[in-house]
S.K.: 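Before I ask anything, let me first share the structure, which is written out below as structure tokens.
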Protein chains: 2
Amino acid sequence: MATRLILVKADGSVSIHADDRAYKPLNWMSPPCTFAELSAPADAHPDAEPVTALWEVRGRDGDTLQIAIGEVFSDSSHDLGIDPGLRKDGVEAHLQALLAEHPAALRPGLTLVRREHPTPIGPVDLLCRDAAGGYVAVEIKRRGEIDGVEQLTRYLELLRRDPLLGPVDGVFAAQQIKPQARVLALDRGITCVTIDYDALRGLDKADERLF
Amino acid sequence: MATRLILVKADGSVSIHADDRAYKPLNWMSPPCTFAELSAPADAHPDAEPVTALWEVRGRDGDTLQIAIGEVFSDSSHDLGIDPGLRKDGVEAHLQALLAEHPAALRPGLTLVRREHPTPIGPVDLLCRDAAGGYVAVEIKRRGEIDGVEQLTRYLELLRRDPLLGPVDGVFAAQQIKPQARVLALDRGITCVTIDYDALRGLDKADERLF
DNA sequence: ATATGCATCTCGCAG
DNA sequence: CTGCGAGGTGCATAT
């Protein structure tokens with residue numbers, strides 16, 4: 001038993017918050033879920049704090065979350081209406097767009113062949129050619145971790161099976177690259193490039209001024 | 001402007017919730033952060049809804065979150081006190097502990113060499129030996145997905161470079177294994193084992209009774 | 001409905 | 001403090 005905040009949203013989710021852990025609840029049930037009040041809660045131990053209500057929230061896979069309520073300090077309900085939504089900036093998609101405009105920022109002489117070049121196991125962020133005409137596959141992340149290196153490795157493996165392309169170089173580009181990811185990349189002959197987002201955006205702005 | 005829930009926690013975090021997205025806020029600032037009310041909010045557009053207050057939340061890296069408040073429908077504050085905390089059951093650590101006690105549940109004749117056996121790129125969950133004396137590396141997940149297979153593959157690659165160990169088998173153990181992960185594992189010669197947590201715990205309880 | 005990839009992920013642990 | 005792995009991750013998108 002503890003004083004906690006229970007948040008029931010219109011989407012059907014239920015969250016139980018303590019006064020810490022940032023935005024993450026102690027426990028929760030994601031929608032879709034159904035909500036029921038179990039009748040006549042019986043206290044197992046007479047010494048325990050009395051339970052005045054018992055809620056059961058049932059999730060889609062049959063998981064249940066039971067909430068035993070002792071005392072209610074505050075209970076309010078509000079209709080929030082339709083939300084106008086939220087727009088974000090600076091995510092991976094923007095990095096990809098900027099680098100597609102300025103591939104030479106990754107390696108001098110690099111030119112873009114296409115964005116989201118398809119392979120059987122998913123699209124490569126950028127496919128480029130270097131000054132010598134060789135193909136270069138680029139994987140872009142906001143934060144470069146091992147997963148990204150694995151992803152690029154799989155793409156390279158498939159691209160290199162394509163006789164039309166010939167040898168394919170790999171470039172792993174991110175605003176920040178974790179040491180372990182860097183080690184793994186180098187071990188696999190993949191070049192790491194850390195990106196300065198603001199500088200790149202500046203480059204883009206300068207470009208616009210020229211035309 | 002929209003009707004939203006603003007949650008300010010004792011840990012200093014601020015979250016802004018819409019009436020959907022399960023427990024995730026539309027926007028937030030994680031602790032540690034400081035909270036200030038900017039004075040005299042000026043409305044840029046006379047037609048816009050009036051802003052009666054303007055909050056600025058500043059994060060550790062200098063990020064700021066500004067909250068413009070029009071009308072307050074409800075405002076309440078509660079002292080939640082110290083939280084007794086939350087104990088979880090059935091997470092990967094428990095699975096690992098149980099399997100370390102009962103490695104033969106993975107494959108008959110298997111015995112434990114050590115838990116968290118170190119490699120240059122991280123620890124292998126379990127290192128075991130089979131009846132024939134050969135080494136077996138075990139990766140344990142609650143939910144087996146492709147990432148886990150990749151992880152085990154990396155460990156195996158490194159362990160197999162160690163001449164002291166000789167050939168090393170791989171076992172991928174999880175309560176639930178996704179079809180694609182299973183296909184990838186089999187393609188790489190890795191054995192998949194789905195674990196019945198309750199049965200394993202029963203095995204453990206039975207063991208305790210013997211001593 | 002399911003698989004894949006991103007995220008201001010958050011959180012806990014261990015060096 | 002930092003890095004890294006786990007999470008009932010959540011969430012959007014493409015298939």
Side-chain angles (χ1 to χ4, degrees), chain A residues 11 13-16 18 20-31 33 57 59-65 85-86 88-96 116 118-125 139-148 150-152 154-155 174-184, chain B residues 11 13-16 20-31 33 57 59-65 85-86 88-96 116 118 121-125 139-143 145-148 150-151 154-155 174-176 178-181 183-184 197:
Chain A
D11 65 2
S13 63
V14 178
S15 325
I16 299 150
D20 59 358
R21 292 167 191 249
Y23 69 69
K24 197 159 196 193
L26 277 172
N27 212 336
W28 73 94
M29 189 67 75
S30 298
C33 55
V57 185
R60 70 182 324 155
D61 296 326
D63 294 346
T64 59
L65 169 64
L86 182 71
K88 294 192 179 184
D89 180 27
V91 294
E92 188 199 291
H94 300 136
L95 275 182
Q96 193 192 109
E116 302 286 350
T119 79
I121 54 167
V124 181
D125 286 336
E139 177 64 33
I140 302 165
K141 294 284 178 200
R142 250 179 34 83
R143 301 194 315 186
E145 302 183 18
I146 282 182
D147 278 5
E150 294 287 11
Q151 197 180 340
L152 179 53
R154 291 197 293 270
Y155 292 149
Q175 286 181 271
Q176 196 180 32
I177 299 179
K178 296 266 175 101
Q180 292 208 3
R182 193 179 291 272
V183 169
L184 186 64
Chain B
D11 64 2
S13 63
V14 179
S15 325
I16 299 149
D20 59 357
R21 293 166 194 247
Y23 68 70
K24 197 160 195 192
L26 277 173
N27 212 336
W28 73 93
M29 190 66 75
S30 299
C33 56
V57 186
R60 71 181 322 156
D61 297 325
D63 294 346
T64 59
L65 169 63
L86 181 72
K88 293 193 177 183
D89 183 25
V91 294
E92 190 199 285
H94 298 136
L95 277 181
Q96 192 193 108
E116 302 286 349
I121 54 167
V124 181
D125 285 337
E139 178 63 34
I140 302 165
K141 295 285 178 200
R142 252 184 32 86
R143 300 193 314 185
E145 302 183 18
I146 282 184
D147 276 6
E150 295 286 12
Q151 197 179 341
R154 291 196 297 272
Y155 292 149
Q175 285 182 273
Q176 197 180 32
K178 292 269 176 93
Q180 293 211 357
V183 168
L184 185 65
Y197 182 68

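Proteins come first, then strands; the chains are lettered A, B, ... in the order of their sequence lines, and each starts at number 1. Source: prediction; values computed, not measured.
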S.K.: Is any side-chain heavy atom of B/Arg142 less than 4.5 Å from a side-chain heavy atom of B/Tyr197?
M.R.: no

S.K.: Looking at CD of B/Glu139 and CG of B/Asp147, how far apart are the two atoms once the value is rounded to the nearest 0.5 Å?
M.R.: 10.5 Å

S.K.: Between P on D/dG3 and CG on A/Leu184, what's the gap in Å once rounded to a whole number?
M.R.: 17 Å

S.K.: Using a cut-off of 4.0 Å between protein heavy atoms and nucleotide atoms, how would you tag nucleotides 4-10 of chain D 5' to 3' with B, S and -?
M.R.: SSSSBSS

S.K.: Can you measure from CG (A/Leu26) to CG (A/Asp20) and round to the nearest 0.5 angstrom?
M.R.: 7.0 Å

S.K.: Please report, rounded to the nearest Å, how far the C1' atom of C/dG5 is from the CG atom of A/Leu95.
M.R.: 15 Å

S.K.: Figure out the CD/P separation between A/Gln96 and D/dT13, and round it to whole Å.
M.R.: 15 Å

S.K.: Which residue, B/Pro25, B/Pro31, B/Cys33, B/Ser30, forms the side chain to side chain contact (heavy atoms under 4.5 Å, CB included) with B/Ser13?
M.R.: B/Pro31

S.K.: Determine the Euclidean distance between corresponding P atoms of C/dC6 and D/dG8; express it in Å to zero decimal places.
M.R.: 22 Å

S.K.: What's the gap between D/dA6 and D/dG10 when it is taken at their C1' atoms, as a whole Å value?
M.R.: 15 Å

S.K.: Measure the spacing between NZ of A/Lys141 and CG of A/Leu95 and express it to the nearest 0.5 Å.
M.R.: 11.0 Å

S.K.: Mind listing the closest non-hydrogen atom pair of A/Ser15 and B/Tyr23 along with its distance?
M.R.: OG-CB, 3.6 Å

S.K.: How many Å lie between NE2 on B/His94 and P on C/dC13, as a whole number?
M.R.: 11 Å

